Amino acid sequence: MTTSNEQTVAGVLATSMRDLLCGALRPEHVGQQVRVCGWVARRREHGEHLAFIDLRDRSGIVQCVVDGSVDLRSEYVVQVTGTVRPRPEGTLNETIATGAVEIGDCKVEVLAAAEPPPFGLEDRSEVDEQIRLRYRYLDLRRPRMQRNLRIRAAVNRALRAAMDRQGFVEVETPILWAPTPEGAREFAVPSRLHHGSFYVLPQSPQLAKQLLMVGGIDRYYQIARCMRDEDLRADRQFEFTQLDLEASFVTQDDVMAFVSEAVLDAAEVATGVRPGAIPRMTWHEAMDRFGVDKPDLRVEIELTDLSETFQDSEVRAFSAPVVKALRIPDGATFTRSKLDTLTEKAKSLGAQGLAWFRVQDDGSLDSPLDRFLADTERAAIVERSHAQAGDLVLIVADEWRRAVEVLGALRAQLLSPPVGEGEPRYVWVMDFPMFDGVDADGNPISAHHPFTMPHPDDFELMKTDPLKARSQAYDLVLNGWELGSGSVRIHRPDLQSEVFRALGISEEDAEQRFGFLLGAFRHGAPPHAGFAFGIDRLVAIFTGADTIREVIAFPKTQSGTDLMTQAPSTISNSALLELGIRTIPKES
RNA sequence: GGACCUGUGGUGCAGCCUGGAGUGCACGCCGCCCUGUCAAGGCGGAGGUCGCGGGUUCAAAUCCCGUCAGGUCCGCCA
């Protein structure tokens with residue numbers, strides 16, 4: 001790890017109370033009288049004549065030796081004064097960085113006493129996350145969290161440096177923004193001076209950064225907090241942090257180059273290894289090969305197409321436009337009940353059903369459908385999916401989109417390793433569709449957002465068959481997680497009107513929601529494009545964490561509560577009155 | 001809104017399926033002993049609303065229903 005380590009900043013970290021950090025002590029310090037400060041991690045007392053104290057600070061642990069007894073408990077905060085000396089022969093501790101030395105003849109001053117901690121602060125003691133979050137300030141003292149937060153800081157530093165180097169200007173945008181209903185649910189902030197009116201917290205600085213382009217900033221970036229009042233997940237919190245950027249007079253290739261530079265720099269700083277150039281694939285290719293728009297390329301296995309094989313098949317279950325197969329290595333051991341569960345999942349995703357074939361040792365297929373198959377079909381199932389004895393082959397026959405999506409979900413569920421495991425695999429996914437289906441009123445739904453520029457080859461399609469049109473939108477994917485997305489924006493009012501029309505947004509509607517943006521665009525908007533990606537997710541993967549909560553100092557639970565502060569909580573009636581707010585009791 | 005998993009001294013678990021005294025393990029905590037340990041060691045000790053409520057039963061940590069909390073996922077996240 002090349003985060004700012006204690007060696008390089010050791011001098012800076014000396015203070016009026018300490019000379020250096022615990023974890024920085026080395027044989028070169030032998031003979032020096034030093035003062036260190038920290039928490040009592042462990043103590044080993046040997047009667048009234050000898051005691052060892054493992055003292056911990058942000059840098060690690062050093063052993064302090066007291067010739068006498070001590071009156072210390074775990075997590076007491078102390079200042080230790082003593083002399084650095086080599087450890088006696090045979091007592092070196094290779095497992096810690098300071099293990100060749102110790103601080104001898106120690107005098108210990110207690111700076112603060114401490115209650116016994118509710119859980120062990122060593123990394124190896126496993127603690128339920130609920131307990132960790134209630135005492136997050138203690139959890140943060142643990143080496144693992146110290147490391148995660150410092151890697152995160154190093155990533156932020158690398159991102160800023162990369163953006164700065166590429167000529168981007170860091171601009172802060174408002175946290176109190178105007179409601180623009182569309183997309184994610186917004187957090188509302190009541191206005192004290194204007195009763196009945198609300199600000200909202202930005203779900204992203206999207207419109208602000210486009211206005212900065214009109215404002216001639218040319219290249220903008222921000223490490224921006226975004227807030228979305230949507231349900232939480234392992235990779236989603238109410239508030240999260242993005243590297244948000246936008247640039248003028250650029251194409252999507254330019255933007256992808258800017259982002260790649262920043263992400264690869266961050267990866268190098270966090271992991272010590274600079275990944276190679278990030279490959280690209282189209283959305284259609286991603287869906288067809290992997291069944292998702294965020295493929296996990298660590299998993300080698302892809303969907304295979306059996307449509308031709310079953311084109312004129314007698315098997316009624318396979319009479320569909322598209323027949324796709326997925327091989328599950330060693331899946332022949334799946335029990336009937338597990339296969340039933342998978343079938344249920346496939347159905348819940350919209351499939352008619354899920355056909356399964358267990359490949360037996362003799363190469364024959366074990367499946368309820370086997371007796372309906374022709375020999376050529378049996379052979380095709382095995383050969384085209386490259387199945388071996390002991391594998392399982394899953395088949396879905398449906399419309400293309402549904403068939404690949406169902407198998408894509410099963411591929412992710414059954415074959416993906418934990419997100420932080422193995423060699424990181426980045427991929428750009430491009431040429432997303434402009435629209436993703438239609439809403440209840442029959443209007444197309446923006447796949448990205450309504451300011452996304454159509455693909456240059458599909459301007460005509462926008463008028464004739466908009467649902468088939470592609471956009472200039474692109475996602476960055478890492479290990480099956482969507483890191484972020486961006487697009488070329490529409491900068492011409494006439495084209496924007498056309499897209500609004502396609503979306504079924506009336507001119508009055510558009511004017512009311514985004515009037516300030518459309519107004520700005522009438523004053524000379526440069527062609528521009530941008531991107532934003534989640535720093536929490538990126539750092540989680542770098543640190544090997546399987547949830548972003550591990551890289552956030554004070555995260556919320558899945559139900560959106562803070563177990564330490566008890567937020568959200570009620571506020572006083574007088575505070576409500578001042579805000580002009582009356583609450584409605586929850587219906588029972 | 002929905003599905004599934006988890007909840008047992010301070011912490012982590014076992015016990016639950018197949019009901020029979022809150023029993024057990026490890027760590028931590030408290031006391032005493034101990035001059036080279038490092039997850040120190042030895043001896044002794046304290047510590048429990050088995051998440052909560054209801055039901056079944058002679059009897060419930062264990063079975064059933066409900067509920068709360070945490071987690072994973074679906075929906076949702078332009």
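Since the structure is predicted, the reported quantities are computational estimates derived from the model, not experimental observations. By convention in this document, chain letters (A, B, ...) are assigned in the order of the sequence lines, proteins followed by strands, and residues within each chain are numbered from 1. In what follows, every heavy atom counts, from backbone to side chain, and hydrogens, waters and symmetry copies are set aside.
Contact between the side-chain N/O atoms of A/Ser74 and the OP1/OP2 oxygens of B/C29 is found at a separation under 4.0 Å. An OP1 or OP2 oxygen of B/A40 is reached within less than 4.0 angstrom by a side-chain nitrogen or oxygen of A/Arg42. Residue A/Arg44 has no polar side-chain atom (N or O) positioned under 4.0 Å from OP1 or OP2 of B/U37. Side-chain N/O atoms of A/Thr341 include none lying less than 4.0 angstrom from OP1 or OP2 on B/C4.
Classification of the A/Phe451-A/Phe514 ring pair by plane angle, with boundaries at 30° and 60°, yields perpendicular.
A/Thr452 comes within 4.0 angstrom of no nucleic acid atom, judged by non-hydrogen atoms across all strands. Across all strands, A/Glu122 comes closer than 4.0 Å to no nucleic acid atom at all (heavy-atom distances). Residue contacts shown for A/Ser348 are absent, as no nucleic acid heavy atom lies under 4.0 Å away. A/Arg537 comes within 4.0 angstrom of no nucleic acid atom, judged by non-hydrogen atoms across all strands. The residue A/Ile131 sits close only to the backbone: its heavy atoms come under 4.0 Å of sugar-phosphate atoms, none of a base. Heavy atoms of A/Pro88 sit under 4.0 angstrom from at least one base atom.
Between B/A26 and B/C68, the distance separating the two P atoms is 38 Å to the nearest Å. The same atom, C1', is picked in B/U11 and in B/U56; the two are 35 Å apart, to the nearest Å. The C1' atoms of B/A21 and B/A61 are separated by 13 Å, rounded to the nearest whole Å. Nucleotides B/G19 and B/U57 place their C1' atoms 9 Å apart, quoted to the nearest Å. Going from the P atom of B/C5 to that of B/U23 covers 30 Å, rounded to whole Å. B/C29 and B/C76: their P atoms are spaced 50 Å apart (whole Å).
Counting only distance, with no hydrogens or angles, the side chain of A/Arg411 and the backbone of A/Val299 share a donor-acceptor pair below 3.5 Å.
Nearest nucleotide to the side chain of A/Arg87, out of B/G71, B/U37, B/G12: B/U37. Of all nucleotides listed (B/C76, B/U37, B/C73), B/U37 comes nearest to the side chain of A/Glu102. Checking B/G36, B/G10, B/G71 against every side-chain atom of A/Gln63, the shortest atom distance belongs to B/G36. The side chain of A/Arg236 lies closest to B/G75, out of B/G70, B/U37, B/G75.
Taking only distance into account, the side chain of A/Arg43 never meets the base of B/C38 through a donor-acceptor pair shorter than 3.5 Å. Between the side chain of A/Arg233 and the base of B/G75, at least one donor-acceptor pair of N or O atoms lies under 3.5 Å. For A/Asp128 and B/G12, a side-chain-to-base donor-acceptor distance below 3.5 Å is absent, hydrogens and geometry of angles not being considered. Taking 3.5 Å as the limit, the base of B/U11 and the side chain of A/Glu126 contain no donor-acceptor pair of atoms between them.
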